[in-house]
Student: 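The structure's right below; bear with me while I get my questions together.
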There are 2 protein chains.
Amino acid sequence: MVQNMKVEKKRGRPRAFDTKAAIGKARDVFWDRGYAAASLDNLSAATNLNRPSLYGAFGDKEDLYLDTLEGYRQDGMDVLTEALDPSLPLRDNIARVYAGALEIYLHGDTAARGCFLIGTATAEAVQHERVREVLGRSLNDFDGEIEKRMRLAVERGELPEGADPQTFARLASAVMHSLAVRARAGDSREVLEAIARSGVELICGSALGRG
Amino acid sequence: MVQNMKVEKKRGRPRAFDTKAAIGKARDVFWDRGYAAASLDNLSAATNLNRPSLYGAFGDKEDLYLDTLEGYRQDGMDVLTEALDPSLPLRDNIARVYAGALEIYLHGDTAARGCFLIGTATAEAVQHERVREVLGRSLNDFDGEIEKRMRLAVERGELPEGADPQTFARLASAVMHSLAVRARAGDSREVLEAIARSGVELICGSALGRG
DNA sequence: AGATTTTAATGCGAAATGGTACAAAATATG
DNA sequence: CATATTTTGTACCATTTCGCATTAAAATCT
């Protein structure tokens, strides 16, 4: 049932490329240049697909971009849920979330890439409603995933009794947003890790949650 | 001495436009569309300057963009220092900083604009070194201004004795960065204000700083 | 094998883009 | 007034852009 989804033999000529891989390559282009500055030639070169193939497989440039955004959101959620393993203390969870984020953000050829969503989708969000929708939904999904863990933390006493899980989740996200921006602005790993540590401290800190 | 800077009567035909106003109009265009997607036609139409005039007055598109960024940074610093009036309690200061930020971020015709720097310069930061430099410097300047107030707060006992002003400043900035992103992602004023309030609470909160 | 269906490759084209040449206009200086 | 200097407006250019039409190629179905 899992593998049946693609077993229906398609009629015509089979694709000579892997869709997921192509989206990944396209994502790298958008990540470095931003959506608007990424040309179809750039994308075509990076994916080894000529423009008509790109167009046939993904639709126009905006459609392709939305696909890369969705893929990133999904990957991000996977990393996040793994980092939030509830068998670990809350403090470790949040630290792992930030560490995982920095692992992604600090990659880059010429300069650190930061967060793909925050680094590129924000720029288009005002004009392109669909991009704004994906961006907003992604941020909310991240918040929601963290909020689940925060709820557990309140139950377990890792956070003060009256603490609002949603509020704590949003503040935990806020630190991550800042890391995303600062990484792309060129801040060093040392600075970013220091911010991450102090964020963990502030949110899960002994002063508040005696976590 | 202040007004002498421009009193040297220039020789040729005088400009028929106000430079500052033109930069402001251009900034609005970049703010909505992002740097790459803003065409010289867009900028020309918004400023009522034809392309050669734009080019003559500001240089090429990137030069003009950098001018708008610098102007925004300067304006932002002014708003920030005003909000951080040291005769007020730290809690009020930070609340005013966020309120001032939201006042700017929530403007927009089709959708909220968010922060001009974070919303548009991050997208270009990887490829354009000069943009990355301005972005990084701006973030640091904001941090520095807040840090000064935090230092004072430690001296006054508004924050715990051992607290590191730089750390607290960066965390205060982090909440603002999150507001910047979320505003552009379409979050409502209510949500943003709630985040701002909880950010103030967490950073200046009684549990920690008994401010 | 022949028909059908889907993908791949070449190349085109209309429009938009960033930038500039050039001449007219407007002002200060001599 | 004449000249030098700067700005303005029209028109233009070379390039890039996105998107597609068309044709060739490769697989499946009958």
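Model, not experiment: these values are computed from the prediction. Every chain is numbered from 1, with letters handed out A, B, ... down the list of sequences.
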Student: Give me the residues of residues 59-72 of chain B where at least one heavy atom lies under 4.0 Å from an atom of DNA chain C, by number, or none.
Tutor: B:Asp60, B:Lys61

Student: Is the closest side-chain donor-acceptor distance between A:Ser44 and A:Asp41 under 3.5 Å?
Tutor: no

Student: Tell me, do B:Asp164 and B:Met150 make a side-chain contact under 4.5 Å, heavy atoms counted?
Tutor: no

Student: Please give, in whole Å, the distance from C:dA9 P to A:Leu54 CG?
Tutor: 11 Å

Student: Taking the side chain from A:Asn93 and the backbone from A:Asp85, do they hold a donor-acceptor pair closer than 3.5 Å?
Tutor: yes

Student: With a 4.0 Å heavy-atom cut-off, tell me which residues in residues 27-45 of chain A come close to DNA chain C, sorted by residue number.
Tutor: none

Student: A:Tyr55 side chain N/O closer than 4.0 Å to the phosphate oxygens (OP1, OP2) of D:dC20?
Tutor: yes

Student: State the CG-OG1 distance between A:Asp67 and A:Thr19, to the nearest 0.5 angstrom.
Tutor: 9.5 Å

Student: Under the ring pair (Phe, Tyr, Trp, His ring centres under 6.0 Å) criterion, do B:His128 and B:Tyr35 qualify, and how do the steps go?
Tutor: CA-CA 11 Å; B:His128 295 99; B:Tyr35 167 74; 5.6 Å; yes

Student: Among A:Tyr65, A:Phe116, A:Tyr105, which residue meets the ring pair (Phe, Tyr, Trp, His ring centres under 6.0 Å) test with A:Trp31?
Tutor: A:Phe116

Student: Hey, what do you get for SG (B:Cys115) to CG (B:Leu102), rounding to the nearest 0.5 Å?
Tutor: 11.5 Å

Student: For nucleotides 6-9 of chain D, print each protein N/O atom paired with a nucleotide N/O atom at under 3.5 Å, atom names and distance only.
Tutor:
unit_1 : atom_1 : unit_2  : atom_2 : d
D:dT6  : O2     : B:Arg13 : N      : 3.0
D:dT7  : OP1    : B:Arg15 : NE     : 3.4
D:dT7  : OP1    : B:Arg15 : NH2    : 3.3
D:dT7  : O4'    : B:Arg13 : O      : 3.2
D:dT7  : O2     : B:Arg13 : NH1    : 3.3
D:dT8  : OP1    : B:Ala16 : N      : 2.6
D:dG9  : OP2    : B:Asn50 : ND2    : 3.0

Student: I need the A:Leu152 CG to A:Glu147 CD distance, nearest 0.5 Å.
Tutor: 12.5 Å

Student: Rounded to the nearest 0.5 Å, what's the gap from CG on A:Asp28 to OG1 on A:Thr47? Could you check?
Tutor: 11.5 Å

Student: Count the heavy atoms of every other residue, nucleotide or ligand shown that sit under 6.0 Å from CD of A:Glu82, and state whether that count exceeds 12.
Tutor: no

Student: Within this structure, what is the CZ-to-C1' distance between B:Arg51 and C:dG18, rounded to whole angstrom?
Tutor: 8 Å

